[in-house]
Number of protein chains: 2
Amino acid sequence: MATRSRRPDRRQEPLSRERIVEAAVELLDSVGESGLTFRALADRLATGPGAIYWHIAGKAELLTAATDAVVAAAVRPAEPGGAPGDGVRTVALGLFDAVEEHPWLAAQLAAQLSRSPWGTVAPRIFESIGREVRALGVPEAGWFTATSALMHYILGAAGQNAANTASAAAPGAGMDRAEFLDAVSTAWEGLDPDAYPFTRAVAEQVRGHDDREQFLDGIALVLAGIAALHPPVAQQAVTVVR
Amino acid sequence: MATRSRRPDRRQEPLSRERIVEAAVELLDSVGESGLTFRALADRLATGPGAIYWHIAGKAELLTAATDAVVAAAVRPAEPGGAPGDGVRTVALGLFDAVEEHPWLAAQLAAQLSRSPWGTVAPRIFESIGREVRALGVPEAGWFTATSALMHYILGAAGQNAANTASAAAPGAGMDRAEFLDAVSTAWEGLDPDAYPFTRAVAEQVRGHDDREQFLDGIALVLAGIAALHPPVAQQAVTVVR
DNA sequence: GGAGTTGCTGGAACGCCGTTCCAGGAGCGC
DNA sequence: GCGCTCCTGGAACGGCGTTCCAGCAACTCC
């Protein structure tokens, strides 16, 4: 009959792990990490908390599953061909955009990588970056170091940038992005000159920079390091120099 | 008279923000993040929760203060002199060791950097790394990118390594470090060959590697990228091989 | 086709958390 | 002595993750 308030509310199909995770992601996106409670989730799914526990072991598993779902959608495989490094940039921007779209993702990724690096999330990201590293012609001995360096830079920088975006758009503080960066820059300029000379000197660069561009600059830096330390060997006819 | 159960219990000196933060760090170190509650903290300080709130606004501020205190102790200034890059390594290892000593630190750092990069923690780390970057002779235009890349790598890699250490020593799982790495390596080797060829290929390197060495390899990689992209302007007469 | 079983549901209840409130004590100027 | 400020700590509140369990479809077996 009358369409319900929010969402189609198709509540004939039974509860399932996928539907729960999907609802959890929506809740995280709309009300943030603290808004994801089993009660709110149960309301949105028109059920009770107990029913959810039949499908999901607890909150930790719920957050892991939500993170994994979003990451799986984000690391779309790069199409073959293109300049060396294009594949890395594609994967990196995929994660960058995902973190920007889901502001809760950065903290979750960091928490999960630094708590259980053997879950499903870490290998997924590691694999998609690693393939591009291999495609660059890096010799096998350098795979782990190069991929780790890229992964940590990508996740760290994307997370910090998402924080900027989110804070600028924060409810209450009617700031746009430029105003927000200006505020940060001004705050840094106000630091103690003796204790923070470097940060003060960099403050000006923060004002009005382009996030995406700066993010890619960092990628280029790490790629340059990879190229310098691991001179690409020919794809076939592999020889390890050094 | 009789000495109390835990700690000297010197409870004549009044409550203070420092004493609270100190107790919070001890609690975090001994029972982990979930063990830090206002009730437990009040017990340890032989007071009630209300008294703590007179000095600290809430849990978020408590965690921020604890993180800041540990970071401040960790980023000891590097002594001048030494080969180019030594300063960076000193700062990096300081943070690496701090994260290893305080396993909760990695998640806190990530959360705080990706939530409010304008707090006191971020500038502190940024500053100490940045000074070393400047000392490398990087031109000013490259300061922000180079320092960010280093910072993200350092925090990410240190956090992941701390997770390994902590998991290996986890209560219940009577594993030592080698066993733990072996378990991770084996798990990775068991991944789907079609979906995870790269991760499987790297699994062998994970077994029995040296953390500190691998961490420094990553630093060297980023430093090489900095040297390649930002050829140092002459400090006195710095030349970079390549 | 009835009875038993299984798989799932959702509301009630438990214990703990962060946080607030407030009666009161210690120290101090007057 | 008195009032005032600063600080204390216990009690209480609302909300959280989690557990428990009575109930109910659907399906199986006889």
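What you see is a predicted model, and the numbers here were worked out from it, not measured in a lab. All chains are named by letter (A, B, ...) in the order of the sequence lines, taking the proteins before the strands, and each is independently numbered beginning at 1.
Remark: P of C:dG18 and CG of B:D43 are 12 Å apart, rounded to the nearest angstrom. One can place CD1 of B:I52 at 10 Å from P of C:dG18, the figure rounded to the nearest angstrom. Rounded to an integer number of Å, the gap from CG of B:L62 to C1' of C:dC17 is 14 Å. We find that CD1 of B:I20 is positioned 13 Å from C1' of D:dG9, with the value rounded to whole Å. Taking atom OH of residue B:Y53 and atom P of nucleotide D:dT8, one finds them 16 Å apart after rounding to whole Å. Going from atom CG of A:L15 over to atom P of C:dG7 covers 17 Å, rounded to whole Å. In this structure, CG of B:L41 is placed 13 Å from P of D:dG9, rounded to the nearest angstrom. Atom CD of A:E33 is separated from atom P of D:dG17 by 11 Å (rounded to the nearest Å).
For DNA chain C, each stem of at least three Watson-Crick or G-U pairs (distances under 3.5 Å) is given as range with range: C:1-30 with D:1-30.
When each of B:A51 and B:K59 is assigned the nucleotide of DNA chain C with its nearest heavy atom, B:K59 is the one assigned upstream, toward the 5' end.
Taking 4.0 Å as the cut-off between side-chain N and carboxylate O, B:R124 and B:E127 do not count as a salt-bridged pair. Here B:R212 does not pair with B:E100 in a salt bridge; the nearest charged N to carboxylate O distance is not below 4.0 Å.
On a pure distance criterion of 3.5 Å, a polar donor-acceptor pair joins the side chain of A:R39 and the base of D:dG17.
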CA sep, side-chain torsions, deciding dist, call: B:N164, B:R177, side chain to side chain contact (heavy atoms under 4.5 Å, CB included): CA-CA 8 Å; B:N164 293 350; B:R177 176 165 192 86; 3.7 Å; yes
message: Quick one, B:Y196 with A:F126, criterion ring pair (Phe, Tyr, Trp, His ring centres under 6.0 Å). Give me CA distance, side-chain angles, the key distance, then yes/no.
response: CA-CA 9 Å; B:Y196 294 96; A:F126 192 82; over 10 Å; no
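Pairs passing the ring-ring contact (aromatic ring centres under 6.0 Å, His included) check and including a residue from residues 40-77 of chain A, sequence neighbours excluded, read A:F38-A:Y53.
Residue B:L36 is classed as a sugar-phosphate contact, given heavy-atom separations below 4.0 Å to backbone atoms only.
Ring geometry for A:H209 versus B:F144: interplanar angle over 60°, hence perpendicular rather than tilted (30 to 60°).
In A:R115, the CZ atom is not crowded: 12 or fewer heavy atoms of neighbouring residues, nucleotides or ligands sit closer than 6.0 Å.
One finds a side-chain N or O of B:T47 lying less than 4.0 angstrom from the OP1 or OP2 phosphate oxygen of D:dG9. Look at A:W54 and you won't find any side-chain N or O under 4.0 angstrom from OP1 or OP2 of C:dT9. Neither OP1 nor OP2 of C:dG7 sits under 4.0 Å from any side-chain N or O of A:H55.
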